[in-house]
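Both counts, for ligands and for their atoms, begin at 1 and track the order of listing. Owing to the predicted nature of the structure, the values given are computational and were not obtained by experimental measurement.
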Amino acid sequence: MAMSAGALPKSVRIVEVGPRDGLQNESAVVPLAAKVALIEALVGAGLKTIESGSFVSPKWVPQMADTAEVMAAITRTPGVSYPVLVPNLKGLEAAVAAGVEEIAVFGAASESFSQKNINCSIADSLERFRPVVDAALARGIRVRGYISCVLGCPYEGDVAPAAVASVAKALADMGCYEISLGDTIGTGTPLKAQAMIRAVQAVVPVERLAVHFHDTWGQALANILACLELGVAVIDSAVAGLGGCPYAKGATGNVATEDVVYMLDGMGIRTGVDLAKLAAAGRAITAVIGKAPASKVAQVLAKQQAA
Ligand code: HMG
Ligand code: MG
């Protein structure tokens, strides 16, 4: 199977997930002020969608327990969206109280991961999401839908593209404006990613698809390029390559936003993101958590900055 080379998009929307996916898996407690500074620095770098936290059970993900405080403390810039994850009606209540304008529900294409991550089957999760989506839409809150394990599951191994397509259709039919396809454990490779996108785009238009690659196996940029060639124009990424899911052991960070922006800049694809400012935001948050940025681009820029 040869990789298809279609027309590449002229611009890409980056969904920055660092403050949520990036920080949910950190063992270090990140102070509220550092979270707020990160979100504001990302806005300053030109990002227009910044996933800023999760209204999930604090017993399951203690790192996100201060999301209400984060939402209250940030200065909301017009034209910037600050979505949060919401697993159920309790989470929606908290999101509404925090004045959130966009939420994301999150399901999976694999039964075992669904059980481990949100403690229910795929079918039950869809039933649980339906009233959440209905209530959110009735209040004018936009809803995004995530699907985890689209290219492999930490518990089950291979995941069939048809399983991903079926969950994607259910979430789109429910009213999710966009479906983010998550390679949670980063095992995917470009041709498998294209086969998965083809299966999904047969039931949900490609304009409504986003890709969410974790870079555990170093395949994320190659996979992104393969998906861009099929018309995907929304990419999730995390500054400094932070990230990981507590329920996908061993999975490392999301593809780094710095790496994505550098690649797209080099291809003449607009993102609206200032790479130098973005890298500075990455250096600041990694200093707080005591890690070096995972991004190669960020490492080069840090050396240039220090020279
Ligand atoms: P459960 O234990 O089945 O829920 O968990 P429950 O309804 O029985 O409630 C248990 C307790 O949690 C109760 O408290 C509830 O009040 C509380 P208690 O009576 O024991 O004191 N609770 C909540 N508290 C605050 N906010 C809420 C909430 N809901 C219940 N919204 C549940 C089910 C879904 C709640 C749990 O499994 C959970 O919170 N899971 C979240 C897991 C998570 O956040 N994972 C990471 C995000 S997904 C991800 O990273 C993948 C992604 O990046 C894409 C990719 O890479 O693939 C998106
Ligand atoms: Mg993720």
Query - Location of contacts on Gln63 toward ligand 1, heavy atoms closer than 4.0 Å - result: neither
Requested in this report: Output the list of atoms in ligand 1 that are nearer than 4.0 Å to some heavy atom of Arg128, sorted by atom number.
Outcome: 34 (C)
Query raised in the report: Which atoms of ligand 1 have any heavy atom of Pro58 under 4.0 Å away?
Result: 24 (N), 25 (C)
Requested in this report: Report yes if some N/O of Lys59 lies less than 3.5 Å from some N/O of ligand 1; otherwise report no.
Outcome: yes
Requested in this report: Taking the side chain as every heavy atom from C-beta outward, state whether Ile147 and Ile179 have any atom pair closer than 4.5 Å.
Outcome: yes
Query raised in the report: Quick one: are Phe106 and Val56 in side-chain contact, heavy atoms under 4.5 Å?
Result: yes
Requested in this report: Check whether NZ of the Lys or CZ of the Arg Lys90 lies under 6.0 Å from the centre of the six-membered ring of Phe55 and within 45 degrees of that ring's axis.
Outcome: no
Requested in this report: Identify the heavy atoms of Val17 and Ala238 that sit nearest to each other, and give their distance.
Outcome: CG2-CB, 4.1 Å
Requested in this report: Tell me which part of Glu51 gets within contact of ligand 1: side chain, backbone, both or neither, using heavy atoms under 4.0 Å.
Outcome: neither
Report task. Verify the distance criterion only: is there a donor paired with an acceptor across the side chains of Ser237 and Asn254 at less than 3.5 Å? Result -> no
Query - Minimal non-hydrogen separation, Phe129 against Pro87, with atom names - result: CE2-O, 3.8 Å
Query - Nearest-neighbour protein heavy atom for atom 1 (P) of ligand 1, which is reported as residue plus atom name and distance - result: Asn119 ND2, 3.6 Å
Query raised in the report: Does even one non-hydrogen atom of Arg20 get within less than 4.0 Å of ligand 1?
Result: yes
Query raised in the report: Of all the non-hydrogen atoms in the protein, which one sits nearest to atom 55 (C) of ligand 1, and at what distance?
Result: Ser148 OG, 3.4 Å
Query raised in the report: Any idea which part of Met64 is under 4.0 Å from ligand 1, heavy-atom wise: side chain, backbone, both or neither?
Result: neither
Report task. State, to 0.1 Å, how close Val100 and Val84 come at their nearest heavy-atom pair, and which atoms those are. Result -> CG1-CG2, 3.8 Å
Query raised in the report: Taking atom types as modelled and ignoring hydrogens, do the side chains of Tyr177 and Glu102 form a donor-acceptor contact shorter than 3.5 angstrom?
Result: yes
Query raised in the report: Which is closest to atom 30 (C) of ligand 1 in terms of heavy atoms, Asn88, Val105, Val61?
Result: Asn88
Query raised in the report: Backbone or side chain, does any N or O of Gly91 fall under 3.5 Å from an N or O of ligand 1?
Result: yes
Query raised in the report: Are Leu23 and Ile285 side-chain neighbours, meaning at least one heavy-atom pair lies under 4.5 Å?
Result: yes
Requested in this report: List the closest protein heavy-atom neighbour of atom 12 (O) of ligand 1: residue, atom name, distance to the nearest 0.1 Å.
Outcome: Ser57 OG, 3.5 Å
Report task. State whether a side-chain donor-acceptor pair under 3.5 Å links Asp183 with His212. Result -> no
Query raised in the report: Which one of Asn117, Val56, Leu85, Val17 has a non-hydrogen atom at the shortest distance from atom 40 (N) of ligand 1?
Result: Asn117
Query - Which residue and heavy atom of the protein sit nearest atom 47 (C) of ligand 1, plus the separation - result: Gln24 OE1, 3.5 Å
Query raised in the report: Is the distance from the Mg ion (ligand 2) to the nearest N/O/S atom of Asp21 under 2.8 Å?
Result: yes
Report task. State, yes or no, whether a side-chain contact exists between Arg198 and Leu230 at a heavy-atom distance under 4.5 Å. Result -> yes
**Report entry** Nearest option to atom 32 (C) of ligand 1, as decided by whichever heavy atom of Asp236, Thr67, Ile118, Asn254 sits closest
**Finding:** Ile118
**Report entry** Which atom of Pro161 lies closest to which atom of Ala195, heavy atoms considered
**Finding:** CB-O, 4.2 Å
Query - Per-atom contact, atom 10 (C) of ligand 1, protein heavy atoms, under 4.0 angstrom - result: no
Query raised in the report: Which is the closest N/O/S atom of His214 when seen from the Mg ion (ligand 2)?
Result: NE2
Query raised in the report: Looking at Val203 and Lys169, what are the two nearest heavy atoms and their distance?
Result: CB-CD, 4.0 Å
Query raised in the report: Does a donor on one side chain and an acceptor on the other come within less than 3.5 Å for Thr189 and Gln219?
Result: no
Report summary line: The option among Tyr247, Trp60, Tyr146, Phe55 carrying the non-hydrogen atom nearest to atom 5 (O) of ligand 1 is Trp60
Requested in this report: Determine if the distance from atom 22 (N) of ligand 1 to the closest protein heavy atom is below 4.0 Å.
Outcome: yes
Query raised in the report: Got an N/O contact under 3.5 Å between Cys149 and ligand 1?
Result: no
Query - Protein contact of atom 24 (N) of ligand 1 - nearest heavy atom, named by residue and atom, plus distance - result: Lys90 CE, 3.4 Å
Query raised in the report: Looking at Tyr146, is Arg20 sitting on its ring face, NZ or CZ under 6.0 Å from the six-membered ring centre and within 45 degrees of the normal?
Result: yes
Query - Close-contact set for ligand 1 against His214 heavy atoms, below 4.0 Å - result: 56 (O)
Query - Protein non-hydrogen atom found under 4.0 Å from atom 7 (O) of ligand 1 - result: no
Query raised in the report: Which atoms of ligand 1 sit under 4.0 Å from any heavy atom of Asp21?
Result: 53 (O)
Requested in this report: Examine the proximity of ligand 1 to Pro87 and report which part, side chain or backbone, both or neither, has a heavy atom under 4.0 Å away.
Outcome: side chain
**Report entry** Residues Glu178 and Arg208 bridged, charged N to O under 4.0 Å
**Finding:** no
Query raised in the report: Is there a protein heavy atom at a distance of less than 4.0 Å from atom 45 (N) of ligand 1?
Result: yes
